[in-house]
Structure formats: C-alpha cells, structure tokens
Amino acid sequence: MPELPEAEVVARQIRAQLTGCRVRELWVGRADIVRQGYDWRPWYVDARLDSVARYGKSIAMAFAKGGETRYLVAELGMTGLLLFASVAIKLPQHIHARLVFDGGKETELRYWNPRRFGCLRLLDQGGLEQYVRKRFGSDPLAVTIEDFTARIQERRGRLKPLLMRQQVIAGIGNIYANEILFRAGLHPHARVNRLAPSSRERLYHVTRTVLTEAIACGGSSVRDFFAPDGGEGSYKQYHLVYGKTGQPCPNRCGATIRRLKGERSSFYCPRCQRRR
DNA sequence: AGCTCTTCCTGAAAGC
DNA sequence: TGCTTTCAGGAAGAGC
C-alpha cells in the first residue's frame with residue numbers, strides 16, 4: 001500500500017525518467033477509473049510533462065501545452081502502481097490507463113490497480129488547487145515544528161487516527177503510523193490534546209525520521225509495491241511492529257507486540273507505548 | 001467534532 | 001482436491 005514514502009519514490013522516478021517528454025496518447029481502458037475530467041483526455045496529446053509533484057500519497061504530473069498547464073493526478077489507493085511499460089508487461093491484467101510518450105517502450109507509463117481503490121483525475125490549475133486545498137493538510141516533511149504541534153494540540157481525538165488524517169497531516173497510512181508511534185513511544189489511543197509538549201516534539205521528529213529513512217530505502221514493499229522501474233523498497237526490513245503480532249518487543253522490554261481488536265490493525269507494544 | 005459502520009474491489013488465505 | 005467464505009484496507013459518506 002503506497003503511502004508517502006512510496007509515492008515520493010514514484011514521483012522521483014517519473015520526474016527523472018519522463019520530464020520534458022511529449023505525450024503521444026492518453027489511453028484509458030475503463031472510464032470509471034478517471035474520477036474527474038474524463039472528457040479532457042484529448043487535451044493531453046502533444047502536451048509536455050513539465051514537472052511532477054507529490055501531495056500526501058497522490059502524484060500530480062503537470063503538463064504544458066500552448067501556454068496552459070493541466071494536471072494528471074494519480075491516487076494509488078491500496079494496490080495502485082505507476083509502472084514504466086517494460087515493467088508493466090509482467091502485469092498484463094488490471095492496467096486501466098496508459099500514458100504514451102514519444103520515444104518508444106521505455107517512455108510509457110501505465111496505471112495498474114487490481115482493486116481499484118484509487119483513481120485518476122484530469123484537472124486544470126484551479127481544479128488542482130481546489131483538490132489540494134480540500135484534501136491535504138501539512139506535508140510532514142515540509143511542516144515546521146511550530147505548525148505541526150499547533151495543528152495537533154487543538155485536536156481532541158485519538159493519536160493514530162489523527163496521524164492518518166490526510167486533511168491534517170498528509171501522507172501517513174497504517175504502516176507508517178504504527179511504526180512512528182512505536183518509535184515515539186506513544187499509544188495509538190493516546191489523547192492528542194493531553195500529550196506533553198515533549199511528546200509532541202518527539203512525534204514530529206520521529207515522523208520525519210521514519211519517512212525520510214523509508215524514502216531513502218525506496219519505500220516498503222509489503223505486499224506488492226513496486227516503483228515505476230520495477231524496484232522493490234527495502235524499508236520493510238526495518239519495520240519494528242507492523243505485522244509482528246506475538247513477537248517480542250524490539251526494545252527487549254519483555255512484552256510482546258499486540259494487535260488491537262475491532263480496529264484496522266494497530267500494532268503496538270503495551271509496555272513501551274503507554275496510553276498517558 | 002469525533003467515533004463507528006458501510007461501501008467500493010479483488011485476490012490471497014482460511015475453512016469445509 | 002475444489003469449492004465457498006472471509007478478510008484486508010484508503011478514503012468518503014452516513015448516522016449517531
């Protein structure tokens with residue numbers, strides 16, 4: 001499941017490989033995968049890929065043509081991938097869209113998504129701004145410690161859902177939320193507004209460290225994450241709690257990792273992550 | 001505001 | 001072995 005680090009790896013590879021290339025064709029295999037702007041497909045022909053950005057877990061490609069800029073935004077959902085054609089050839093099913101650039105096989109990008117929790121959007125400048133404003137809060141790698149703690153302390157609920165709330169902090173999903181909370185020594189159900197200032201600051205730094213390290217590793221390939229070039233991320237080997245129910249706590253505290261019931265897989269150490 | 005439940009969807013894994 | 005059932009999960013929306 002691509003989260004911020006995986007999306008960042010995807011954006012970087014596309015940026016390196018395809019920036020400046022001209023679109024020959026935008027092929028869409030199933031119309032319902034394009035959630036917004038389906039009728040704008042023809043515009044993209046002959047446009048050039050100008051830049052690639054990441055918002056939370058989404059990847060936004062900016063195309064330029066005749067002084068105008070439009071965007072193709074990809075939400076990967078759980079199982080979505082953007083793959084260069086040479087890689088996608090191994091995954092013939094579930095390719096819902098293809099972006100064909102001038103220059104042959106190495107310059108084709110395919111959107112693969114078997115479960116289709118995810119979509120594509122074709123947006124103009126205003127559409128992109130609205131999309132970003134509505135859905136994405138602060139980027140954890142760009143936000144200052146002051147903004148981060150201010151955003152957090154005014155909230156009332158539990159810590160883990162807040163950390164995964166895209167409108168507040170954008171890009172963190174279940175895997176990294178679990179890893180961050182363990183490393184910060186904070187319980188998933190800790191009350192956000194009762195965190196000590198030192199805990200909030202620790203959370204800020206741990207979040208950035210975990211995400212930065214994960215990006216440097218190329219992300220986590222937990223089930224089926226592949227970068228556009230087919231590479232797998234290696235950060236999974238540094239996971240301390242995710243998917244490790246019953247195993248001894250990596251801090252050697254003597255407790256075993258638990259999984260909270262009635263909730264989407266929260267993995268934590270009951271001794272190292274106290275609720276207070 | 002925040003919490004829980006439901007929906008979307010497919011393939012892997014578990015159950016019989 | 002082969003069929004059926006369950007489950008996982010990001011995000012959005014409904015209802016409380």
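Per chain, numbering begins at 1; letters A, B, ... match sequence-line order. We use all heavy atoms of the structure for the numbers below, so side chains are in, but hydrogens, waters and symmetry mates are not.
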Assign each of A:Lys134 and A:Gly118 the nucleotide of DNA chain C bearing its closest heavy atom; nearer the 5' end lies the nucleotide of A:Gly118

Please give, in whole Å, the distance from [N] [atom2] to [X] [atom1]?
X        : N      : atom1 : atom2 : value
A:Leu260 : C:dA8  : CG    : C1'   : 17 Å
A:Met164 : B:dT4  : CE    : P     : 13 Å
A:Leu163 : B:dG2  : CG    : P     : 14 Å
A:Asn193 : B:dC3  : CG    : C1'   : 15 Å
A:Gln153 : B:dA1  : CD    : P     : 17 Å
A:Leu120 : C:dG10 : CG    : C1'   : 16 Å
A:Gln167 : C:dA11 : CD    : P     : 9 Å
A:Arg35  : C:dA11 : CZ    : C1'   : 9 Å

Tell me what [X] touches on the nucleic acid: a base, only sugar-phosphate, or nothing, going by heavy atoms under 4.0 Å.
X        : value
A:Gln166 : sugar-phosphate
A:Tyr242 : sugar-phosphate
A:Asn113 : nothing
A:Gly173 : nothing

Does a side-chain N or O of [X] approach OP1 or OP2 of [N] to a distance below 4.0 Å, or not?
X        : N      : answer
A:His94  : B:dC9  : no
A:Thr79  : B:dC9  : no
A:Arg165 : C:dG10 : no

Side-chain ion pair, [X] and [Y], N-O less than 4.0 Å:
X       : Y        : result
A:Arg54 : A:Glu8   : yes
A:Glu75 : A:Arg135 : yes
A:Asp46 : A:Arg24  : no

Could a donor-acceptor pair under 3.5 angstrom be found where the side chain of A:Arg115 meets the base of C:dA8?
-> yes

A:Arg41 to A:Tyr38, cation-pi by 6.0 Å centre distance and 45° axis angle | yes

Nucleotide of [options] approaching [X] most closely (side-chain heavy atoms):
X        : options               : value
A:Arg155 : B:dG2, C:dA11, C:dG9  : B:dG2
A:Pro114 : B:dG2, B:dT10, B:dC3  : B:dT10
A:Arg135 : B:dC3, C:dA11, C:dG10 : C:dA11
A:Lys57  : B:dC9, C:dA8, C:dA11  : C:dA11

Pair A:Asp102-A:Thr107, side-chain donor/acceptor within less than 3.5 Å = no

Report yes if the side chains of A:Gln153 and A:Arg200 come closer than 4.5 Å at any heavy-atom pair, otherwise no.
-> yes

